[in-house]
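To start, the structure under review is shown below, and the notes come after it.
All values derive from a computational prediction rather than experimental measurement. This chain uses plain numbering: 1 for the first residue, then up along the sequence. Order of appearance sets the numbers: ligands from 1, and atoms from 1 within every ligand.
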Amino acid sequence: MEATEAAVLASACELRRTVRTFDASPLSSEAREPLETLASHDENPYGIPIDLRLIDAEAYGATSRVIRGTNWYVVGSLSRRAHAEEAFGYVVERLILAATSHGLGTAWLAGTIDRPAFERVAEVDENRITPAVIAVGTPAARMSALERVMRSKLHADERAPWNALVFRGDFAHPMSSPDELDPALATALTCVRAAPSAQNLQPWRLVCSDGRIDLFEHRTLPLRPIGDVQLVDMGIAMLHLEAGLAQQGMCGTWSFDGPRAGAGYPDPSLTYVATISF
Ligand SMILES: Cc1cc2nc3c(=O)[nH]c(=O)nc-3n(C[C@H](O)[C@H](O)[C@H](O)COP(=O)(O)O)c2cc1C
């Protein structure tokens, strides 16, 4: 990721929150244009092509019961294959952070949508999946009562403590505070901590060693064979980690060859996902 884009995306990590209440204004062509351009950028560490498009969902009768004040959604699909969800999370989160930098609000939606209607829009068949859709628009000045209740129930403004998420060398050595890290690395990891996740479960675990971070998934929801949301969360975390590191001048490369020898992960709920080297 080049430095200019990383700076934009990493700054947006701090600004972004899920927006469920929009101001009901039509999405201007100036706002639509960058989104449409971004939707055509599907580069991802897995090399899986993804079709994304911006739609006015009203025309298709597709809605979400938690969204107020916008009919605009980013809808897409990709082939049903290993790592599709991580690739989708990575590509769509890049679009979300760029949209945030343009002053737009967004919401990842996997559960609270009229799924059959959105799948028809995305032209999903037995070979393709649409793991989630994204509501997009101008945030309203005030949240709906429903949104306030949802944020409170999800503890959406909170994140797990550092020692639950970040480890030095192996899982036996949790880091209790960012002060234990090199400041540039701590800033990069702050981007990951701020990431959105389904039900705010934050499944990412990061084991830091010299010049590399091994990323693991901590599974708490049942694995869905198609369109698993916690794997989408892992793709989102990969994008935040890559952008956060690149903003700090650490341009990372992804690999998938297993964790550093000795990283050790005795807990069966932990699965290795990827390594970034920098
Ligand atoms: C893959 C994924 C699926 C999500 N699905 C929904 C959903 O169906 N409905 C909803 O209201 N929020 C959904 N969210 C938003 C999360 O609840 C939200 O990210 C989390 O509570 C943290 O809040 P924040 O994004 O404001 O930081 C989803 C988020 C992700 C990443």
Side-chain angles (χ1 to χ4, degrees), residues 9-22 44 50 52 57 62-70 73-78 83-97 99-100 104-119 122 129-137 139-140 143-160 164-165 190-204 215 217-224 226-241 244 273:
L9 299 185
S11 307
C13 289
E14 285 173 45
L15 300 173
R16 187 217 58 84
R17 68 165 177 85
T18 297
V19 174
R20 299 180 180 85
T21 321
F22 298 87
N44 64 78
I50 304 179
L52 288 176
T63 55
S64 164
R65 63 185 162 78
V66 298
I67 298 299
R68 306 278 181 275
T70 190
Y73 288 83
V74 175
V75 176
S77 70
L78 72 174
H83 306 300
E85 290 93 340
E86 296 99 303
F88 190 84
Y90 179 98
V91 166
V92 174
E93 185 66 6
R94 182 184 225 158
L95 182 150
I96 282 181
L97 292 179
T100 305
L104 293 169
T106 57
W108 273 100
L109 300 163
T112 58
I113 50 171
D114 177 353
R115 183 165 273 282
F118 279 108
E119 287 184 348
I129 60 169
T130 186
V133 302
I134 314 306
V136 59
M143 290 182 201
S144 68
L146 173 67
E147 179 166 19
R148 283 200 301 276
V149 170
M150 288 185 76
R151 290 196 70 78
S152 157
K153 276 195 177 157
L154 291 162
H155 301 285
D157 293 319
E158 295 166 30
R159 291 297 184 264
L165 303 179
T190 303
C191 286
V192 184
R193 253 182 115 227
S197 57
Q199 300 177 34
N200 200 21
L201 287 168
Q202 307 158 59
W204 42 82
L215 189 62
E217 180 208 355
H218 178 238
R219 177 152 293 273
T220 45
L221 296 174
L223 178 68
R224 280 176 51 181
I226 302 163
D228 182 78
V229 282
Q230 290 204 302
L231 291 175
V232 176
D233 292 343
M234 295 311 298
I236 295 171
M238 287 168 73
L239 191 272
H240 280 236
L241 179 57
V273 173

Heavy-atom contacts under 4.0 Å between [X] and ligand 1: side chain, backbone, both, or neither?
X	result
Val232	side chain
Thr112	both
Ile113	neither
His155	neither

Check: Does Arg65 use its side chain to pair, donor to acceptor, with the backbone of Ile113 at less than 3.5 Å?
Finding: no
Note to self: Closer than 4.0 angstrom, basic N to acidic O: yes or no for Arg151 and Glu158?
What the structure shows: no
Margin query: Any salt bridge linking Arg219 with Asp233? Criterion: basic side-chain nitrogen under 4.0 Å from a carboxylate oxygen.
Written below: no
Going by heavy atoms in the side chains, are [X] and [Y] under 4.5 Å from each other?
X	Y	value
Leu78	Pro131	yes
Glu85	Ile129	yes
Trp204	Glu217	no
His240	Leu97	yes
Val74	Leu95	yes

Item checked: Atom of Ala110, atom of Val229 and distance for their closest heavy-atom approach -> CB-CG1, 3.4 Å
For ligand 1, which atoms, with element, lie under 4.0 Å from some heavy atom of [X]?
X	value
Arg151	26 (O)
Arg17	26 (O)
Leu154	17 (O), 21 (O)
Ile236	31 (C)

Item checked: Contact check: Ala110 vs ligand 1, nitrogen or oxygen atoms, below 3.5 angstrom -> yes
Next item on the list: For ligand 1, find out whether one of its N or O atoms is nearer than 3.5 Å to an N or O atom of Gly111.
Entry: yes
Next item on the list: Determine, considering heavy atoms only, which of Asp233, Val229, Asn200, Thr18 sits nearest to atom 18 (C) of ligand 1.
Entry: Thr18
Margin query: Judged on heavy-atom distance to atom 12 (N) of ligand 1, which of Glu93, Arg20, Met150, Arg16 sits nearest?
Written below: Arg20
Next item on the list: Determine, using heavy atoms of Ser197 and all atoms of ligand 1, whether some pair is separated by less than 4.0 Å.
Entry: yes
Check: Can you find a non-hydrogen atom of Arg65 under 4.0 Å from ligand 1?
Finding: no
Just need the protein heavy atom nearest to [atom], so name the residue and atom and give the distance.
atom	value
atom 23 (O) of ligand 1	Ala156 CB, 3.5 Å
atom 27 (O) of ligand 1	Arg159 NH2, 2.7 Å
atom 13 (C) of ligand 1	Trp108 O, 3.0 Å

Checklist line | With His218 via ring-ring contact (aromatic ring centres under 6.0 Å, His included) - residues at least two apart | finding: none
